[in-house]
Protein chains: 2
Amino acid sequence: MFKPLDPLLHSQLRLAVMSLLISVEEAEFTFLKEKTESTAGNLSVQLDKLEKAGYIGIEKSFKGKRPLTTCKITQVGVKAFEAYVENLRNYIE
Amino acid sequence: MFKPLDPLLHSQLRLAVMSLLISVEEAEFTFLKEKTESTAGNLSVQLDKLEKAGYIGIEKSFKGKRPLTTCKITQVGVKAFEAYVENLRNYIE
DNA sequence: TAAATAGGTTTACATTATAAACCATTTTAT
DNA sequence: ATAAAATGGTTTATAATGTAAACCTATTTA
């Protein structure tokens with residue numbers, strides 16, 4: 001009935017990030033920060049967790065002279081997100 | 001876009017409890033415990049929080065000689081649950 | 001009458017989330 | 001030239017949260 005909800009995804013900010021990343025090729029740190037209206041610190045920490053879980057990939061480069069962090073959802077991440085949503089439905093429908 | 005998710009409802013166990021209570025006249029502690037597969041301690045704590053928020057009402061009585069705790073969702077609780085679900089949709093759809 | 005069960009509550013602990021503080025560099029203003 | 005502000009983040013300290021273990025009272029069973 002109530003399947004466990006992946007704790008990594010059952011977090012407002014991480015869920016918002018995954019929600020953004022699932023519908024886009026890739027996204028920059030600042031884009032995610034604006035869309036989620038989070039602080040940089042919080043976002044940084046949560047992106048790390050998602051990366052360590054293998055849900056997203058993070059690439060660091062430069063845009064001009066400025067550092068640039070680019071995020072991309074992985075196949076593992078897509079699967080996890082879909083499973084989470086599926087499980088969640090049992091709670092809210 | 002991403003409206004804040006009521007922290008009181010964005011918790012696996014509390015959400016499961018609310019999900020059960022919303023579709024039933026009232027429910028006993030032991031019923032909720034079985035359906036949610038939670039420990040009694042955890043359930044007790046979470047029910048307290050829901051009650052303090054005014055999302056549920058808790059009545060204590062006796063069934064025969066045994067203590068009986070009965071829970072019932074309030075109108076405030078119903079509203080909060082519906083708002084939560086509505087907000088959540090932006091994250092998962 | 002001792003032990004097990006029922007129906008919980010309290011509390012201690014571990015995990016988590018969050019923002020404040022920080023860092024390196026770059027741009028703008030003076 | 002240089003001080004001040006802005007950019008693009010990361011680290012870390014603290015608060016808040018979730019959870020189960022330990023506990024409690026009463027009842028039933030052996």
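Letters A, B, ... are given to chains in the order of the sequence lines, protein chains preceding strands, and every chain is numbered from 1. Being a predicted model, the structure only gives us computed values, none of them experimental. Computation of the quantities below employed the complete heavy-atom set of this structure, encompassing side-chain atoms and omitting hydrogens, waters and symmetry-equivalent molecules.
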OP1 or OP2 of C:dT18 under 4.0 Å from side-chain N/O of A:Thr39: no
B:Leu50 CG to D:dT17 C1', straight-line distance once rounded to whole Å: 14 Å
Cluster check B:Val45, B:Phe29: I/L/V/M/F/W/Y, side chain < 4.5 angstrom: no
Atom-pair distance (CG on A:Leu8; C1' on D:dG18), nearest Å: 16 Å
Side-chain N or O of A:Thr30 closer than 4.0 Å to phosphate OP1/OP2 of D:dG8: no
Sugar-phosphate only, base, or nothing, as touched by B:Leu43 at under 4.0 Å among non-hydrogen atoms: nothing
Joint hydrophobic cluster, A:Val85 plus A:Val78, side-chain heavy atoms closer than 4.5 Å: yes
Polar side chain donor-acceptor pair, A:Lys33 to A:Ser38, under 3.5 angstrom: no
Rounded distance in Å - CG (A:Leu32) to P (D:dG9): 10 Å
Test item: A:Tyr91 and A:Leu5 side chains (from C-beta on) under 4.5 Å apart, heavy atoms: yes
Separation of C:dT5 P from B:Lys33 NZ (nearest whole Å): 14 Å
Of A:Pro67 and A:Val45, the one whose closest DNA chain D nucleotide lies more 5': A:Pro67
Per A:Ser11 side chain, nearest of listed nucleotides C:dG7, C:dA17, D:dT10: C:dA17
Between P of D:dA26 and CZ of B:Phe62, the distance in whole Å: 9 Å
Sugar-phosphate, base or nothing in reach of A:Gln46, heavy atoms under 4.0 Å: base
Sugar-phosphate, base or nothing in reach of A:Ser38, heavy atoms under 4.0 Å: nothing
Min side-chain heavy-atom separation B:Phe2-A:Leu20 under 4.5 Å: yes
Sugar-phosphate only, base, or nothing, as touched by A:Lys63 at under 4.0 Å among non-hydrogen atoms: nothing
Nearest-Å distance for atom pair NZ/P, residues B:Lys60 and D:dC24: 18 Å
Under 4.0 angstrom between A:Lys49 side-chain N/O and C:dT18 OP1 or OP2: no
A:Arg66 vs D:dA6: side-chain N/O to OP1/OP2 distance below 4.0 Å: no
Sugar-phosphate, base or nothing in reach of A:Ser44, heavy atoms under 4.0 Å: base
Spacing between A:Asp48 atom CG and D:dT10 atom P, to the nearest angstrom: 7 Å
Interatomic distance, B:Glu28 CD vs C:dA6 P [rounded to whole Å]: 14 Å
